[in-house]
Amino acid sequence: MGLVRLQFQREWRLLARARSEALNPLVFLIMTVTLFALALDGQAQALSRYAAGIFWVLVLLSSLLSLDGMFRRDFEDGSLEQILLLAEVPFLPIIGKMLAQWAATGLPVVLMSPLLGTVLQLPPEALGPLAGALLVGTPTVSMLGAVGAALVVGVRRGGALLGLLVLPLYIPVLIFGTAAVNGLAAGTGGVAQIYWLAAMSVLAVTLAPFAVHAALKISLENG
Amino acid sequence: MNGLKTLWHRLGSPRWFYQMMKPWQTGLGFVALVALLVGTVWGLAFAPEDYQQGNSFRIIYVHVPMVVLAQSAYMMLGSAGFVLLVWRMKMADVAMVAIVPVGMTVTAIGLFSGAVWGRPTWGTWWEWTDARLVSTLVLLFLYVGLYALREAIPRAESAGRACAVLAVVGLINIPIIKYSVEWWTTLHQGATFTATRMSMPIEMAAPLIVNIIGAYCLFGYLVLLNMRTELLRRERDTKWVGALRTEVIDGV
Amino acid sequence: MAFDSLGEFLAMGRHGLYVWLAYGVSVGSVVALVVAIRARNANIWQRLDEEESD
């Protein structure tokens, strides 16, 4: 557990130093939400009807921005190799890294979501469900995305490829996430979808570190 | 047990595989041709017309086998990826290389025929409330991702193992994707007509079963053909390929 | 036979265009795939021959 915490703290310090790297995806999300609100201006009803879906799509897209660089810096300066070689149980630091990634990108989105939801004309009763669905859904996004990021870390211009690899895998999160928000806000159910999101996150947190570990080893051999 | 072990080791030998699979390839190709011909002619000309959909329903004799095959092919891809990661068996990588283009083609045919079937049936080429079409589309994305990843990584061995990781992750995800899509489409009051009904009379179902069997044989033929070609490419500088060449030249 | 004449068979009720389009594209794609793989195969043999004669 110590290794996980150490790696988490290291990541956190690095992110604090390179603040723009961590904040850019969030700024991107805020801007695209604004663009949607402007594009659909004057049609508040239409906007509020589709806001949950729009917001989820934007969250998935903005996650790609932060995931792309997740392993790249460590890969290029060699510290990734050190981590994999020196740690007795290499996926403990990997878990630490993935958790830090989520805390730096997923969590701020959850915290900002009531504000951004309001901008998108979501009714007040939908804001709670939105934050809740994001809280249990974004870990899956971070975990699956980390697998993709680990696979393309050695590839030149891997960013575009990353979207191609992970966006299809995000589809269940998008479906359940949107349905949960809409269902809970309208009072027509949606609790089951929250459970689904949570179950997927548990599954992803359990299995993804293994896949990331395997993928990083392959990428290092290649590089 | 010993026999199984020998088979396992032999499966790893390119030369053995190349030679032993030739009759299988020919046989499967022949059975596929016959079954698909029988099933298709039967389905097109002899099966009774559907009282609601008219003759457009005859498209299901190509659509359903291809969609079923598209999913099975991905299952095999994931299994091959698992074998490659756990036992580092090179033949599994050859299998993956061979299955991806075949699976992609089959999935694309399934999608296209589904859209063409949907036009006269629903009055639209694409229906987002049909679970089968939507999950086939997602499947196509997964195939495209695998193809793109292999293209992007220059070193062949790394590319193979990276694809294996992605294929296994996809394999775990497919049931969840399928379930979510099915749930989502029923929420939106699913399409009134679906390609298959449980209550399909036997005169309609029989050609479909023949074509599904034929499609699996076709898949076997295509994958073996592609695997043997890939083996040839990888092993082109070895002795056994050289020996094979003289045999071909001598007309043996 | 579900049809009385060849013309009726080709017309497929009002759905001839759709049925034949679906079958045509499907058969065409599979044939194209087979041809592509076989061409690759032949290409490998041919290149081996050329290297031999060099």
Measuring heavy-atom distances to chain B, does [X] have an atom under 4.5 Å in its side chain, in its backbone, in both, or in neither?
X: A:Leu203; answer: side chain
X: A:Leu207; answer: side chain
X: A:Val173; answer: neither

Looking only at non-hydrogen atoms, find the nearest pair between [X] and [Y] and report the distance.
X: A:Ile218; Y: B:Ser158; answer: CG2-O, 3.4 Å
X: B:Ala148; Y: A:Leu164; answer: CB-CD2, 3.5 Å
X: A:Leu169; Y: B:Gly170; answer: CD2-CA, 4.3 Å
X: B:Gly145; Y: A:Leu165; answer: O-CD2, 3.3 Å
X: B:Ala162; Y: A:Leu151; answer: O-CD2, 3.5 Å
X: A:Val155; Y: B:Ala152; answer: CG1-CB, 3.8 Å

> Under 4.5 Å, heavy atom to heavy atom, which residues of residues 61-72 of chain A contact chain B?
Replying inline: none
Quick check on [X]: does its [atom1] atom have over 12 non-hydrogen neighbours (other residues, nucleotides or ligands) under 6.0 Å away?
X: A:Phe28; atom1: CZ; value: yes
X: B:Arg155; atom1: CZ; value: yes
X: B:Tyr147; atom1: OH; value: no
X: A:Arg73; atom1: CZ; value: yes
X: B:Phe82; atom1: CZ; value: no
X: A:Gln121; atom1: CD; value: yes

> Counting heavy-atom pairs under 4.5 Å to chain A, which of B:Leu149, B:Val169, B:Leu142 comes out on top?
Replying inline: B:Leu149
>> Distance check, rounded to the nearest 0.5 Å: A:Tyr170 atom OH versus B:Asn173 atom CG?
In response: 11.0 Å
> To the nearest 0.5 Å, how far apart are CD1 in B:Ile153 and CZ in A:Arg156?
Replying inline: 13.5 Å
> So what's closer than 4.5 Å to chain A heavy atoms on B:Ile172: side chain, backbone, both or neither?
Replying inline: side chain
>> At a 4.5 Å cut-off on heavy atoms, which part of B:Val181 comes close to chain A: side chain, backbone, both, or neither?
In response: both
>> Quick check on the interface: out of A:Leu161, A:Ile171, A:Leu144, who has the most heavy-atom pairs with chain B under 4.5 Å?
In response: A:Leu161
> side chain to side chain contact (heavy atoms under 4.5 Å, CB included) between A:Trp196 and B:Trp183: does it pass, once the steps are laid out?
Replying inline: CA-CA 12 Å; A:Trp196 264 97; B:Trp183 174 81; over 6 Å; no
> With side chains defined as the heavy atoms from C-beta onward, is the minimum distance between B:Phe141 and A:Leu167 less than 4.5 Å?
Replying inline: no
> Would the B:Trp184 and A:Phe176 ring centres measure less than 6.0 Å apart?
Replying inline: no
